[in-house]
Colleague: 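Pasting a structure below so you can have a look.
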Amino acid sequence: MSTQNPIFIPGPTNIPDVIRKAVDMPTIDHRSALFGDILNPALEAVQRVLKTTQAEIFVFPSTGTGGWETAVTNVLSPGDTVLATLHGRFSQRWIEMCQRHGLDVRIVPQAWGEGIPVDRIEEILAADQQYQIKAVLATHNETATGVRSDIAGLRRAVDAAGHPAFLFVDGVSSVGCMDFRMDEWGVDVAVTGSQKGFMLPPGLAIVGLSRRALAATETARLPRSFFDLRAMREAYRGNGYPYTPPVGLLNGLRVAGDMLLAEGLDNVFARHFRIAEGVRNAVAAWGLSLCAARPELYSDTVSAIRMPNGFDANLVVSHALNAYGVSFGTGLGEVAGKVFRIGHLGSLTEVMTLSGIATAEMVLVDLGLPVRLGSGVAAAQDHYRRGIGAGQRRAA
Ligand SMILES: *Cc1c(COP(=O)(O)O)cnc(C)c1O
């Protein structure tokens, strides 16, 4: 199988060469001063990407799932109540993790394709006069459905209800791609991983904690060991880890952070939006629709595309791989077999995206759908030409 083609799964993403080279390093003594020169700039870069000056950043050898566990076990206690919207496979998995930890999860069910219902959350919090709900869990970007929720609106809802619950936000498939404002949105725990917006291989859980959440780690009573932030925080004071750190990945994180900040976060977000709009225009040209219910919910990192009733969407993914050596994402959970996903995040340009759109289009035609070759590509081209500006070409 060729590994030359770009990948269009919604994480892990394509990896820029500079980052691959940064990850590939000789062994250094992780207890020497050299390590601090890797760790500290990496943590500072993450802080800037999360748009926080007050939160502390922690990076574990793990994945986004470990980030969820870090959030839950360090801040909460057995039997605590948390409030969470279930609207896709990722929000569902976070809920299941909370349940396995013995938390009482008040689930707000939403149709898959909808976002977090902030008004409903406000009502529930306002009715919780005893402050039983200790945390509100939010999946900023539901990767299974391609839905972005309004975290600023959620913060306003929590405040309007006058409720002291912590706000935990899963930004695994949004941070580093779509705007994320940890301080402004009053996010208490932000969770992400290495293999999405940071364009790294998988292997890191990246977590930011507000001062208030950090204070709660001192009294939280859920069992924690590997993900104990107190041990990590203590070790960071000596520029080290409580165990052996993944030095190459952390070096990659340092470089990835530099790359994002050098491009400029606003430019990174604008690039993701422009690329996503091209994909959405192509989907419309094919006569298909997105799983996301309305434009304000559209994700700029992944598009989940509904296939006609009775058509097995998994065929799109398997045929693309078998015939063209290109990977798209399958549908997960409730939308398995109903949608296929085009991941358009991380290290990606308009030109790379056109190859993915062209491939999806060939696949749809091969599978007998009423799609005209070139229709989606042309719709995206039209958009990308306009986005870049007549006569202007970007340097990189
Ligand atoms: C990818 C993803 C995760 C899980 O991350 P892993 O690194 O696979 O553990 C969690 N939440 C969202 C929204 C994701 O996209």
Side-chain angles (χ1 to χ4, degrees), residues 6-11 13-14 88 113-115 140-152 171 173-180 196-197 199 260 263-307 316 320 326 328-329 339-364 371-396:
I7 195 138
F8 293 97
I9 57 177
T13 67
N14 300 291
E114 288 289 342
H140 183 202
N141 188 71
E142 200 9 294
T143 318
T145 55
V147 164
R148 170 197 348 221
S149 283
D150 175 12
I151 304 300
S173 62
S174 58
V175 169
C177 307
M178 304 191 299
D179 201 4
F180 192 98
K196 296 191 187 169
M199 307 170 281
L260 291 170
E263 183 176 350
L265 290 179
D266 287 343
N267 295 328
V268 171
F269 305 148
R271 171 167 57 82
H272 279 85
F273 176 65
R274 190 166 61 239
I275 285 175
E277 284 281 294
V279 171
R280 293 190 277 260
N281 288 359
V283 171
W286 296 331
L288 297 175
S289 58
L290 294 177
C291 182
R294 287 177 301 285
E296 75 261 25
L297 299 173
Y298 291 170
S299 163
D300 289 340
T301 60
V302 53
S303 295
I305 298 152
R306 280 194 190 280
M307 296 304 289
V316 174
V326 171
F328 296 106
V339 306
F340 78 99
R341 294 176 299 154
I342 300 183
H344 36 80
L345 70 165
S347 180
L348 204 63
T349 63
E350 292 86 343
V351 169
M352 289 161 82
T353 310
L354 285 171
S355 73
I357 294 170
T359 305
E361 197 164 82
M362 290 191 283
V363 168
L364 296 174
V371 164
R372 194 165 42 77
L373 277 183
S375 57
V377 172
Q381 285 170 322
D382 261 343
H383 182 71
Y384 295 152
R385 287 182 68 247
R386 267 184 282 133
I388 291 170
Q392 263 177 278
R393 286 292 170 265
R394 283 192 306 160

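Since we're looking at a predicted model, the values are computed, not measured.
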Colleague: Determine whether Pro6 and Ser355 make a side-chain contact, defined as any pair of heavy atoms from C-beta on separated by less than 4.5 Å.
Modeller: yes
Colleague: Does the side chain of Ile305 come within less than 4.5 Å of Ile342's, by heavy atoms?
Modeller: yes
Colleague: Is there a side chain to side chain contact (heavy atoms under 4.5 Å, CB included) between Asp179 and Phe273 once you walk through the steps?
Modeller: CA-CA 11 Å; Asp179 201 4; Phe273 176 65; over 6 Å; no
Colleague: If we only count heavy atoms from C-beta on, is the Thr359 to Phe328 side-chain gap below 4.5 Å?
Modeller: yes
Colleague: Going from CD on Gln381 to CG on Asn281, what distance comes out if it is rounded to the nearest 0.5 angstrom?
Modeller: 12.0 Å
Colleague: Closest approach of Ser173 and Asn141, non-hydrogen atoms and distance?
Modeller: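 What the structure gives for the nearest pair is OG-ND2, 2.8 Å.
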Colleague: Which is it for Leu373 and Met362 under the side chain to side chain contact (heavy atoms under 4.5 Å, CB included) test, yes or no, and what are the steps along the way?
Modeller: CA-CA 7 Å; Leu373 277 183; Met362 290 191 283; 4.2 Å; yes
Colleague: Begin with the C-alpha distance, continue with both residues' side-chain angles, and end with the deciding distance and a verdict on side chain to side chain contact (heavy atoms under 4.5 Å, CB included) for Leu364 and Val316.
Modeller: CA-CA 7 Å; Leu364 296 174; Val316 174; 4.2 Å; yes
Colleague: Roughly how far apart are Leu260 CG and Leu265 CG, rounded to 0.5 Å?
Modeller: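 Rounded to the nearest 0.5 Å, the CG-CG separation comes to 6.5 Å.
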Colleague: If I take atom OG from residue Ser174 and atom CD from residue Glu142, how far apart are they, to the nearest 0.5 angstrom?
Modeller: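 The distance works out to 11.5 Å.
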Colleague: Output the distance between atom OG1 (Thr145) and atom CD (Glu114), rounded to the nearest 0.5 Å.
Modeller: 9.5 Å
Colleague: So that I can tick it off, tell me whether Arg280 and Glu277 are bridged by a salt bridge, with the cut-off set at under 4.0 angstrom between side-chain N and carboxylate O.
Modeller: yes
Colleague: Would you name the heavy atoms of Leu354 and Ala380 that are closest together and state the gap between them?
Modeller: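 Heavy-atom minimum between the residues: CD2-CB, 3.8 Å.
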Colleague: Compare every heavy atom of Gly146 with every heavy atom of Ala304, then report the nearest pair and how far apart it is.
Modeller: CB-N, 4.3 Å
Colleague: Taking atom OH of Tyr384 and atom CZ of Arg274, what is their separation to the nearest 0.5 Å?
Modeller: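 That separation rounds to 9.0 Å.
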Colleague: Is any side-chain N of the basic residue among Arg271 and Asp300 closer than 4.0 Å to the acidic one's carboxylate O?
Modeller: no
Colleague: Minimum heavy-atom separation for Trp286 and Ala360, please, with both atom names.
Modeller: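 Smallest interatomic distance, heavy atoms only, reads CH2-CB, 3.7 Å.
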Colleague: So, does His383 use its side chain to make a donor-acceptor pair with the main chain of Ala379 at under 3.5 Å?
Modeller: no
Colleague: Take a 6.0 Å sphere around CZ of Arg372 and say whether it holds more than 12 heavy atoms from other residues, nucleotides or ligands.
Modeller: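 Not buried by this count: 12 neighbours or fewer within 6.0 Å.
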Colleague: Grab the two heavy atoms, one from Arg341 and one from Ala144, that are nearest each other, plus how far apart they are.
Modeller: CD-O, 3.6 Å
Colleague: Rounded to the nearest 0.5 Å, what separation is found between the CD1 atom of Ile275 and the NE2 atom of His344?
Modeller: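 Spacing of CD1 (Ile275) from NE2 (His344) equals 9.0 Å.
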Colleague: Within the structure provided, determine whether Thr301 and Lys196 are in side-chain contact (heavy-atom separation under 4.5 Å).
Modeller: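 They are not in side-chain contact.
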Colleague: Do Ile357 and Val279 have side chains that approach each other closer than 4.5 Å (heavy atoms only, starting at C-beta)?
Modeller: yes
Colleague: Would you name the heavy atoms of Leu290 and Arg306 that are closest together and state the gap between them?
Modeller: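 In terms of heavy atoms, the two residues are closest at O-NE, 4.1 Å.
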Colleague: Between Asn14 and Met199, is there a side-chain heavy-atom distance shorter than 4.5 Å?
Modeller: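 Result no, sub-4.5 Å side-chain heavy-atom pair not found.
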